[in-house]
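What you see below is based on every heavy atom in this structure, not just the backbone, and it leaves out hydrogens, waters and symmetry mates. Each chain gets a letter, A, B and so on, in the order its sequence line appears, and its residues count up from 1.
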Amino acid sequence: MTTQTAHARTARQRPPRRIMDARWSVLLGIVFVWCLAPFFWLVMTSFKRGDRALNDPDLFQGPFGLDNYIAVLGQGFLLNMRNSLVVATMTTVVCTIIGALAAYAIARLPLKRRVLWLSGVLAASLFPPVSLVPPLYEVWRSIGLLNTWEGLYVSYVSFSLPLTIFILTTFFAAIPSELEEAAKIDGATPLQAFRKVILPLAGPGLFSAAIITFVTSWNEFLLASTFAPRNAEVAQTVPVAIAAFTGAVEFQRPIGTITAASVMVTIPMVILALVLQRRIVSGLTAGAVKG
Amino acid sequence: MKQQNTAGRLLAAAAVATAVSVVAGCTPAPADNAEEGEIVWAIGGPRSQPGGAHLSIAELWNEENPDTPVRVEALPEAADGAREQQALVLQAGGSEFDVLGLDVIWTGEYVENDWIVSLEDVRADLEGVTLPGPMESSSWGGELWAAPLNTNAGILYYRTDLVDEAPRTWTELCAAAESIAAEEGMDGFIGQGARYEGFVVNWLELFWSAGGDLYNSDQSEVVFDVDLATEVTEFIAESVDDGCFAPGYNTAMEEESRIAFQSGDAAFMRNWPGPYALIADDSESPANGVTGVAPLPSFTGEPGVSAIGGFNNAVSAFSERQDIAKDFVVWAATSVEVQTILAEDAVLPVHVPLYDEFADDPVMQQLGEILQDAKPRPAAPQWAEISLEMQRTLFEAANGQMSARDAAEQMRTFLEGTLNG
Amino acid sequence: MPNDTSTMHGGSARRSPEANSRLRAPARWRGISETALARLFLAPSITVMVLVVVFPILYALVTSLNAYTRRQREGFAGLDNYVEVLSSGVFWQALSFTAVFTVTSVGLEFIIGLGFALIMNRALRGRGIVRATILIPWIIPTVMAGQMWAFMFNITPGSINGLLGLGDFNWLGQSGWAAGTVIIADVWKTAPFAALLLLAGLQTIPSEMYESAKVDGATSIQRFWYITLPLLRPAILVALLFRTVDALRVYDLPEVMTGGAFGTESLSMLVQQYIVETPDPGVGSALSTLTFMLVLAIGVIFVRAIGSHLVFGERSR
């Protein structure tokens, strides 16, 4: 059925195709330049060697080399990447699982005052985080969560849950309830209906929520710099480590190591995005509604 | 079929991820957990990074005192970041830090919060051999609370190939800048004109050099002269307009200033001594080999007054080894070896006798003279508020967002308010 | 709907006694009422959020009612801190910048994000590359992106001016342009986030709706206008909601790029100032609470709109 649709679409679009292709290419060109030009600057700068080249506005002003990358790796940056990876993964896994349950309850299960629940969930994340940090620091300190992965991801889960719940609530609500009812008539429990019918159809929503949670916790700075400000061997994350880079001399901006580190952390994220993006647009609901 | 696959994969992925995270989810124990008897020295900046002078100093101490070793805990270079990290620990009464590297403007605040202990009992060891400016910045309420580690002072950089001698007044500087702009197409003067603490320092240097001040000597009275402040602010605004100050002045911090001067865009620069070595190392820079340093210009022809920067070491009130910490901070201030390590790293030492050792180094001599008259910003508990108010009023006025007189009057009212509150 | 459960429960109970006893434990699990299940499903999320944020929020609320001289508490202050905030010019300036920033950046991010989402949804050749490319700006940590843009826009060394041949154009050093520069950086950084949310929303639109519209001869613009936009509404609202509440609390970009100069001081920067820089926890917490109430009020408007667009399980039958 999906293939038929695709055929039908291409067949009907064939006549104006060349014009479409030209416009399409121009559009993609603009998108590429807008998204990548600053990134290109980042990459070029990261390969520059020495103070003089680094501060030259000319992108192609050498000399070039791997010095910045070697310097970054020499500062234990791989440990920071490990910390960020663990914290972001844990946040994503926990947040997606418990957020999916909550969203299902709000979207599908008999629950009074759904809008109030949604508002409450949202409200919990709206206080300016900077004023929550001092009391939270005291609590984390007294229960020994400072400088730990747990201290970071427990708070990240809490701050990421609202978005996950909202995305998934809209997703679950968009799935025709006939599917679920049919499953229930076949003898499935609500839990089974959730697992076997709803979750698979909500794939795009789950993966979007997961990507967003992962990237947000990977990039988080305020809490990370408060709860684990130092020591890559323990829990200091990538953004905090990059912010702690210094030049050779006071006030010298370590632009070379900053750009090199930024490029280094972007690469695994791009790979992750390449892998996960397929999931966002694959679980098309359309075919399933009828099937 | 397909759905179940997706669901299965989802669940499997979740299960694997959970398993991995549970195994991996416990933070590894810190490798360098405070050793028994270790003194932790929490101080920021590049010198606390691997290979930096602070580590060499700690190493030297540890050789001499193997039973009470010192470990450097590197804080961020940004002063706000370093202060916040110290404040979080101290506010919670934490004993993680024994020795605190303080920016010269934090003394009063730390005293007021009962975060540091008095060093009045070791004053005799420091007085006389330590520069008076840094000593003043380590004091609050007539008492000594910290031992200076190093100092810093604003100086004028100029190009010996463009002018025969350093301009002594702003009039001379702007005249030179104008002719250099006409002949070489270069910008004039660059300093720290962006809205941050640096602007406050630059403005105060102008104000001090013009004979003004914020408070009287024991900070009991406001002596802020509104007319003079108005003139100083207007001078900045006019200099930006007529091109005596480089067009990037109002967004420049130390680093932008250095880049502008080092790349030959600006003919004059106000900066700390740090960039001197970088320019000397950059053989391709138009300023390489032709950079001179001098006291800041003034409006009168007298040498201008520089603001003091640098670090003072204080002993944490929550430290469990305050005696050793005290020995360490005094040692760091007075040991010739320590102070030489700093001097060799192009940092200005606070140990007066050391400046005689550099008798054949003209730059060091020059700096020694500048430091004689350099002034600290008031190390009052409310300094952060005063500085911010100056940024909100004087910076805006210097950039034509409000009248210079209104800004100066507002500033005077604010300063008067700090005495009552 | 609750009836369904009771029949199912009854169904299993009507089996033979042996089977019933053997199945007792699972039957009770299977027969758990849907209302109870709803509570059970909500419990983990609510627990985590309560544990993490409730104490700090209460703490901030209490703090906002006390008078402080820097870090020292001086006693109960009633609503004095709120009065102080509301009567300070700085607060209203910050509020107006924050409002302008929010409206402009969220508006642009929505339009660009929707464009990105449609492109990501469509791209046939090399769609993986296109999607990854669009996401790159958002992947770079905000603090680093802010430093990068500040460095590129600054007159010294002048990367963007050099590229565009603008000479000494002072992007960050004049009012209006400073805010505009921050907005450009924010739109660049965050449009992909809006795109991702909208892209996910596009997946909920059944493709046969497009097919039947095509059969009826609808043009692609009509299809976008009459099918995509209305059906995308929940996702659009979620995207706008989260972008708006985040933009209202913007901190990193203006802090790193301008330090608040030239009218770019946001509400959160002001909060940060009172909590950290020039500590007065009382005023800082009052500011936070006001910011919170403003953000929440706007958030609730969105939530109600989202609620009215969702077909909840209960109502659907």
From CA spacing to verdict: side chain to side chain contact (heavy atoms under 4.5 Å, CB included), Ile98(A), Ser45(C): CA-CA 6 Å; Ile98(A) 70 177; Ser45(C) 295; 3.7 Å; yes

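- Residue contact with chain C, scored on non-hydrogen atoms closer than 4.5 Å, involves the backbone and the side chain of Leu126(A) alike.
- Contacts of Leu54(A) with chain C are made by backbone atoms alone, with heavy-atom separations under 4.5 Å and no side-chain atom involved.
- Residue contact with chain A, scored on non-hydrogen atoms closer than 4.5 Å, involves the side chain of Arg249(C) exclusively.
- Note: Phe242(C) and Phe166(A) have perpendicular aromatic rings, judged against thresholds of 30 and 60 degrees for the angle between ring planes.
- The residue from Ser288(C), Pro56(C), Ser268(C), Ser64(C) that alone fulfils the side chain to side chain contact (heavy atoms under 4.5 Å, CB included) condition with Ser131(A) is Ser288(C).
- Contact annotation for Phe302(C): neither backbone nor side-chain heavy atoms come within less than 4.5 Å of a heavy atom of chain A.
- At distances below 3.5 Å, at least one donor-acceptor pair connects side-chain atoms of Asn219(A) with backbone N or O atoms of Ile139(C).
- You'll find the side chain of Thr133(C) stays beyond 4.5 Å of the side chain of Phe39(A), heavy atoms only.
- Using a 4.5 Å cut-off between heavy atoms, Ile129(C) contacts chain A through both its backbone and its side chain.
- Heavy-atom distances place both the backbone and the side chain of Pro38(A) under 4.5 Å from chain C.
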Worked verdict on Trp24(A) versus Arg122(C) for side chain to side chain contact (heavy atoms under 4.5 Å, CB included): CA-CA 10 Å; Trp24(A) 187 241; Arg122(C) 233 196 89 158; 4.0 Å; yes

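- Both the backbone and the side chain of Trp34(A) come within contact range of chain C, each with at least one heavy atom under 4.5 Å from a heavy atom of that chain.
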